Amino acid sequence: MAFKTLSAKSAAALDKELMSTGAFSIDQLMELAGLSVSQAVYRLHPLSKGKKILVACGPGNNGGDGLVAARHLWHYNYQPTVYYPKQSKNELYQRLATQLKNLGVPFTEDFDGALKDTSHVVDAIFGFSFSGEVREPFPAVIKALKETTIPVTSVDAPSSWDIENGPPSEGPGKDFYPTALVSLTAPKPLAKFFHGRHFLGGRFVSPDIAQKYDLELPEYEGIDQIVELDPKTGQKLKL
């Protein structure tokens with residue numbers, strides 16, 4: 001069966017649909033996305049493999065998903081550290097950051113130092129809407145993610161990848177292939193270029209919206225907010 005994905009145009013339209021017809025707020029969608037990411041990390045990297053998680057957040061929605069994931073990981077008894085160099089002045093992001101600070105979650109400006117002292121990384125720098133040039137301070141960060149032997153889980157898109165064409169042919173993201181990818185709502189075309197462990201988080205789409213956007217949503221098990229997909233077909237992985 002062919003790998004079914006959601007184009008850039010459809011993904012943007014679906015987000016708007018979820019907040020209009022679906023009646024979701026951006027806060028709710030970010031909370032659900034971050035929860036899904038945290039569950040994927042728990043599946044990939046149980047506490048027995050090490051509690052220290054480095055969450056690298058960009059300035060947009062992808063970074064917000066990372067902030068939410070960090071909060072949930074703290075509640076799972078991990079020890080997250082957040083790298084968030086371009087903190088947004090948007091009230092939503094400020095509240096998410098404050099929630100972490102209230103838990104005593106440390107924020108760092110020393111990415112390289114934090115990377116040396118962690119056992120897993122969440123890449124929440126750039127999402128599927130990224131385009132153009134990677135700007136400071138992120139070129140060195142993405143290069144470090146490419147070169148590290150520490151497992152990296154990317155949120156919705158490996159940072160710097162193009163939604164349609166996947167990894168860039170040049171720049172800091174060239175040859176960056178994270179360990180795992182958590183697609184949100186539906187896989188994007190870039191997922192066809194990804195060959196690591198692939199999870200889908202999107203257990204909130206109504207049947208009507210799924211039908212309108214021709215989504216083939218898998219069945220989620222129990223209370224899971226994620227489902228693992230076969231990286232070659234995009235279908236639910238049979239365990």
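The figures here come from the full heavy-atom set of this structure, side chains too, leaving out hydrogens, waters and symmetry mates. These numbers come from a predicted model, not from an experiment.
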Do [X] and [Y] have side chains that approach each other closer than 4.5 Å (heavy atoms only, starting at C-beta)?
X	Y	result
Pro178	Phe194	yes
Ile142	Phe176	yes
Leu44	Phe199	yes
Pro218	Leu200	yes
Leu229	Gln235	no
Val105	Thr81	no
Tyr83	Cys57	no
Leu190	Thr5	no

Pair Phe193 and Tyr177, ring centroids less than 6.0 Å apart: no
Cut-off 3.5 Å, no hydrogens considered: what does the side-chain donor-acceptor table look like for residues 147-157, sequence neighbours left out?
from: Glu147; atom 1: OE2; to: Lys143; atom 2: NZ; distance (Å): 2.7
from: Thr148; atom 1: OG1; to: Ile150; atom 2: N; distance (Å): 3.1
from: Thr153; atom 1: OG1; to: His120; atom 2: NE2; distance (Å): 2.8
from: Ser154; atom 1: OG; to: Asp123; atom 2: OD2; distance (Å): 2.7
from: Asp156; atom 1: OD1; to: Leu184; atom 2: N; distance (Å): 2.8
from: Asp156; atom 1: OD1; to: Lys188; atom 2: NZ; distance (Å): 2.9
from: Asp156; atom 1: OD2; to: Lys188; atom 2: NZ; distance (Å): 3.3

Check whether any side-chain N or O of [X] sits under 3.5 Å from a backbone N or O of [Y] as a donor-acceptor pair, and report yes or no.
X	Y	answer
Thr118	Ala114	no
Ser183	Ala186	no
Glu164	Ala8	yes
Ser20	Lys16	yes
Lys4	Asp214	yes
His45	Gly50	yes

Which atoms form the tightest heavy-atom contact between [X] and [Y], and what is the distance?
X	Y	answer
Phe111	Ala56	CE1-CB, 4.0 Å
Ser159	Ile125	OG-CB, 3.2 Å
Leu181	Pro158	CD1-CD, 3.9 Å
Asp162	Asn165	OD2-N, 2.8 Å
Gly201	Tyr220	C-OH, 3.8 Å
Trp161	Gly173	NE1-O, 4.4 Å

Hey, what do you get for [atom1] ([X]) to [atom2] ([Y]), rounding to the nearest 0.5 Å?
X	Y	atom1	atom2	result
Arg43	Arg197	CZ	CZ	7.5 Å
Asp110	Leu115	CG	CG	10.0 Å
Asp224	Tyr42	CG	OH	11.5 Å
Leu67	Arg95	CG	CZ	12.0 Å
His195	Lys232	NE2	NZ	9.0 Å
Phe138	Lys86	CZ	NZ	7.0 Å

Consider only side-chain heavy atoms of I, L, V, M, F, W and Y, link residues closer than 4.5 Å, and tell whether [X] and [Y] are in one cluster.
X	Y	result
Leu217	Phe24	yes
Met19	Val68	yes
Tyr93	Leu103	yes

Heavy atoms from other residues, nucleotides or ligands near NZ of Lys116 exceed 12 (cutoff 6.0 Å): no
Leu14/Leu215 under side chain to side chain contact (heavy atoms under 4.5 Å, CB included): CA gap, chis, key distance, verdict: CA-CA 11 Å; Leu14 176 56; Leu215 302 180; 4.1 Å; yes
Ignoring hydrogens and angles, write down the donor-acceptor pairs under 3.5 Å from the side chains of residues 29-41, residues two or more places apart or on other chains.
from: Glu31; atom 1: OE1; to: Arg71; atom 2: NH2; distance (Å): 2.9
from: Glu31; atom 1: OE2; to: Arg71; atom 2: NH1; distance (Å): 3.1
from: Glu31; atom 1: OE2; to: His72; atom 2: NE2; distance (Å): 2.8
from: Ser36; atom 1: OG; to: Leu32; atom 2: O; distance (Å): 2.9
from: Ser36; atom 1: OG; to: Gln225; atom 2: O; distance (Å): 3.4
from: Ser38; atom 1: OG; to: Leu35; atom 2: O; distance (Å): 2.7
from: Ser38; atom 1: OG; to: Tyr76; atom 2: OH; distance (Å): 2.8
from: Gln39; atom 1: OE1; to: Gln225; atom 2: N; distance (Å): 2.8

Phe107 and Tyr84 aromatic ring geometry - parallel, tilted or perpendicular at 30°/60° bounds: tilted
Lys52 NZ/CZ over Tyr78 ring centroid, <6.0 Å and within 45° of normal: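 No cation-pi geometry.
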Check against side chain to side chain contact (heavy atoms under 4.5 Å, CB included), Asn62 and Phe126: CA-CA 6 Å; Asn62 204 249; Phe126 301 124; 5.6 Å; no
Any residue meeting side chain to side chain donor-acceptor pair (under 3.5 Å) with Thr21, in chain and number order, not counting sequence neighbours: Glu17
Donor + acceptor pair across side chains of Asp208, Tyr213 (<3.5 Å):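 Absent: no donor and acceptor within the cut-off.
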CA sep, side-chain torsions, deciding dist, call: Ile53, Val55, side chain to side chain contact (heavy atoms under 4.5 Å, CB included): CA-CA 6 Å; Ile53 308 289; Val55 184; 4.2 Å; yes
Intermediate values then yes/no, side chain to side chain contact (heavy atoms under 4.5 Å, CB included), Glu228 and His198: CA-CA 6 Å; Glu228 188 163 4; His198 186 190; 6.0 Å; no
Kindly write out the residues that satisfy salt bridge (Lys or Arg N to Asp or Glu O under 4.0 Å) with [X], not counting sequence neighbours, or none if the list is empty.
X	result
Glu133	none
Glu221	Lys236
Arg203	none

